[in-house]
**Q** 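My questions all concern the structure below.
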Amino acid sequence: MVVTDHIFADLEQERSAAAALGTELESFNVATEEETVEALRGANIALVNFAPVTDAVLAAMAPGAVIVRYGIGYDNIDLEAADARGVSVCNVPDYGGDTVADHAVTLALMLLRKVTQFDRVLEAGEWTSPPALAPILASSQTTVGLFGTGRIGLAVARRLQPFGFKVIAYDPFANQETVREYGIELVPLDELFGRAHLVSLHAPATSATYKIVNAGNLARMRPGSFIVNTARGSLVDQDAVLGALESGQLAGVGLDVFDPEPLPREHGLRRHPNAILTPHAAFYSEQSLQNLQRLAAEEAIRAGRGEKLRCLVNSPALTTSNF
């Protein structure tokens, strides 16, 4: 049982899981494909954060191995290769959705109320009249568009609605009944960008979502609108967003994820006064990290015992083996 990389204070839950399976835990801090191959050579169970799990990495693992991804997304894992090699891949989709939703709504409210711009004026020793940063709309006059209505998207809607926001969404896979219960209006993609004052992204990284925030869709938005991304960096064309900020088409952005990560030091988004940037921190709270480690360790135990996996995300060709 191997942990390829992590950001935790300790690995006590993972060590307890390994002990329950009668094996040892090995821990690394790998970043490259070559390092990951060596770390996972012969491994039965891997707990992975951001390490690249390529076909070469999968080939080095034991037959019928299981990978548990620390988190919701798994775009650092080659699922097609895992299917072909009989490696099961699991994620942990429910460890901190509320925390991500809190972060997304925080960014949205800061942007819509232009908190950062006001703060920078006072930090510079100046004073200003509130209309100098017009327009600032009342919540009841503001439409928020959600790109995705999964667990986190719905949690965002639940947080926004008591403020009086109108919430619309685009999601071709939405549960229609659930969306109606949340008071969300489903709309086509072009209408999402055309109507929303702020678009918040809550979808996985796929070929269909790649750079969904691009020059074309930004041009459909209302002048002076906003983008929030706490999902995956590849959903946003960062150069197009910077151009829209500079032209005024966007009044502000709140970005927690980037492509690549870290955001390059020289990128203009780092210096733009209307960009609020956080370092892939939306998932983080003390409780969410505890949940993440516990749920990942529990999945590892199921894997080691050959039990049904709770959050399998692929269809491996071979049957999972136990120790």
Side-chain angles (χ1 to χ4, degrees), residues 5-8 49-50 69-76 91-117 119 144-160 169 196-206 209-214 217-218 225-242 244-245 250-265 267-289 291-292:
D5 58 312
H6 70 92
I7 59 169
F8 309 122
N49 192 19
F50 293 116
R69 161 74 170 98
Y70 281 123
I72 301 171
Y74 40 85
D75 42 299
N76 57 317
N91 68 343
V92 186
D94 49 355
Y95 74 97
D98 283 343
T99 304
V100 178
D102 289 345
H103 199 90
V105 171
T106 298
L107 292 175
L109 294 175
M110 288 181 69
L111 290 168
L112 292 166
R113 294 297 306 167
K114 300 193 176 177
V115 172
T116 301
Q117 289 93 324
D119 176 70
V144 174
L146 305 177
F147 183 74
T149 59
R151 182 182 288 105
I152 296 173
L154 293 176
V156 168
R158 188 170 64 246
R159 285 157 172 73
L160 289 175
H197 296 92
L198 180 146
V199 171
S200 187
L201 306 176
H202 304 286
T206 67
T209 63
Y210 181 71
K211 292 189 177 180
I212 196 68
V213 177
N214 51 46
N217 283 330
L218 288 168
S225 51
F226 305 89
I227 294 287
V228 169
N229 188 15
T230 55
R232 280 291 181 265
S234 63
L235 274 62
V236 170
D237 182 333
Q238 292 165 178
D239 294 335
V241 163
L242 179 60
L245 284 170
L250 285 177
V253 296
L255 305 178
D256 181 61
V257 287
F258 306 91
D259 185 20
E261 288 189 353
L263 178 67
R265 286 179 176 271
H267 200 283
L269 283 172
R270 282 186 179 262
R271 297 177 296 281
H272 200 283
N274 295 336
I276 303 174
L277 310 179
T278 55
H280 204 139
F283 74 95
Y284 176 76
S285 71
E286 295 300 315
Q287 186 61 54
S288 69
L289 282 195
N291 293 342
L292 178 57

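Computed from a predicted structure; not experimentally measured.
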**Q** Applying salt bridge (Lys or Arg N to Asp or Glu O under 4.0 Å), can you list everything that pairs with R232, at least two apart in sequence or on another chain?
**A** D75
**Q** Please say whether more than 12 non-hydrogen atoms of neighbouring residues, nucleotides or ligands are located less than 6.0 Å from CZ in R113.
**A**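 Atom CZ in R113 is not crowded, with 12 or fewer foreign heavy atoms closer than 6.0 Å.
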**Q** Taking the six-membered ring for Trp, are F283 and H280 parallel (under 30°), tilted (30 to 60°) or perpendicular (over 60°)?
**A**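 Ring orientation of F283 relative to H280: perpendicular.
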**Q** Quick check for you: to the nearest 0.5 Å, what is the distance between L289 atom CG and H6 atom NE2?
**A** 11.5 Å
**Q** Give me the atom names and distance for the closest heavy-atom approach of S285 to T99.
**A**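 Nearest pair, atom of S285 first, then T99: OG-OG1, 3.5 Å.
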**Q** Report the C-alpha separation of I72 and I152 in whole Å, then their side-chain angles, then the decisive distance to 0.1 Å, and conclude whether the side chain to side chain contact (heavy atoms under 4.5 Å, CB included) test is met.
**A** CA-CA 11 Å; I72 301 171; I152 296 173; 3.7 Å; yes
**Q** Do you know which two heavy atoms are closest between A205 and S234, and how far apart they sit?
**A** CB-OG, 3.4 Å
**Q** Could you state the interatomic distance from CZ (R271) to CG (L277), rounded to the nearest 0.5 Å?
**A**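 Between atom CZ of R271 and atom CG of L277 there are 11.0 Å.
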**Q** Grab the two heavy atoms, one from A104 and one from H202, that are nearest each other, plus how far apart they are.
**A** CB-CE1, 3.9 Å
**Q** In sequence, state the C-alpha distance, the side-chain angles, and the governing distance for D259 and V236, and then conclude on side chain to side chain contact (heavy atoms under 4.5 Å, CB included).
**A** CA-CA 8 Å; D259 185 20; V236 170; over 6 Å; no
**Q** Are any non-hydrogen side-chain atoms of L250 and L218 less than 4.5 angstrom apart?
**A**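 Yes, at least one pair of side-chain atoms sits under 4.5 Å.
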**Q** Measuring only between side-chain heavy atoms, which start at C-beta, is L160 closer than 4.5 Å to V156?
**A** yes
**Q** From S200 OG over to N229 CG, what is the distance, rounded to the nearest 0.5 angstrom?
**A**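 Reported value, rounded in 0.5 Å steps: 8.0 Å.
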**Q** Would you mind reporting whether V228 and V253 have side-chain heavy atoms less than 4.5 Å apart?
**A**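 Not touching, per the 4.5 Å side-chain cut-off.
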**Q** Hey, does the side chain of R270 reach the backbone of P264 with a donor-acceptor pair shorter than 3.5 angstrom?
**A**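 Between the backbone of P264 and the side chain of R270 there is a qualifying donor-acceptor contact (under 3.5 Å).
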**Q** Under the side chain to side chain donor-acceptor pair (under 3.5 Å) criterion, do T278 and D256 qualify, and how do the steps go?
**A** CA-CA 5 Å; T278 55; D256 181 61; 2.6 Å; yes
**Q** Just to verify, what does D94 make a salt bridge (Lys or Arg N to Asp or Glu O under 4.0 Å) with, not counting sequence neighbours?
**A**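 Result, salt bridge (Lys or Arg N to Asp or Glu O under 4.0 Å) vs D94: R310.
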**Q** Quick one, Y284 and I7 - any side-chain contact, counting heavy atoms below 4.5 Å?
**A** no
**Q** For Q117, give me all partners under side-chain hydrogen bond (donor to acceptor under 3.5 Å, both in side chains), at least two apart in sequence or on another chain.
**A** N274
**Q** Atom OH in Y95, atom CG in N291: separation rounded to 0.5 Å?
**A** 10.0 Å
**Q** Can you give me the closest heavy-atom contact between G145 and A196, atom names plus distance?
**A** N-CB, 3.6 Å
**Q** Do H267 and D239 come within less than 4.5 Å of each other through their side chains, counting heavy atoms only?
**A** yes
**Q** What pairs with F147 under ring-ring contact (aromatic ring centres under 6.0 Å, His included), at least two apart in sequence or on another chain?
**A**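 Testing F147 for ring-ring contact (aromatic ring centres under 6.0 Å, His included), a comparison that skips the adjacent residues, returns Y170.
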**Q** Ignoring hydrogens, what is the shortest heavy-atom contact between N91 and Y74? Give both atom names and the distance.
**A** ND2-CE2, 3.9 Å
**Q** Can you pull the salt bridge (Lys or Arg N to Asp or Glu O under 4.0 Å) pairs that have at least one residue in residues 98-110, sequence neighbours excluded?
**A**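 Qualifying pairs: D98-R158, D98-R159, D102-R159.
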**Q** With side chains defined as the heavy atoms from C-beta onward, is the minimum distance between K211 and L235 less than 4.5 Å?
**A**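 When only atoms from C-beta onward are counted, L235 and K211 do not touch, as no gap falls below 4.5 Å.
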**Q** Mark yes or no for whether R151, through its side chain, and A155, through its backbone, hold a donor-acceptor pair below 3.5 Å.
**A**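 The answer is no, because no donor-acceptor pair under 3.5 Å joins these two groups.
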**Q** Would you call L269 and L245 a side-chain contact if the rule is heavy atoms closer than 4.5 Å?
**A**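 Yes, their side chains come closer than 4.5 Å.
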**Q** State, to 0.1 Å, how close T230 and L107 come at their nearest heavy-atom pair, and which atoms those are.
**A** CG2-CD1, 4.1 Å
**Q** Sequence neighbours excluded, which residues qualify as side-chain hydrogen bond (donor to acceptor under 3.5 Å, both in side chains) partners of Y70?
**A** E14
**Q** Which residue is it: I276, V144, L111? I am looking for the one with a side chain to side chain contact (heavy atoms under 4.5 Å, CB included) to F226.
**A**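 Answer to the side chain to side chain contact (heavy atoms under 4.5 Å, CB included) test with F226 among I276, V144, L111: L111.
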**Q** Do the side chains of L112 and L198 get nearer than 4.5 Å, heavy atoms only?
**A**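 A side-chain contact under 4.5 Å exists here.
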**Q** Taking the side chain from Q238 and the backbone from F258, do they hold a donor-acceptor pair closer than 3.5 Å?
**A** no
**Q** Checking side chain to side chain contact (heavy atoms under 4.5 Å, CB included) for the pair T206/T209: CA distance, chi angles, key distance, verdict?
**A** CA-CA 5 Å; T206 67; T209 63; 3.3 Å; yes
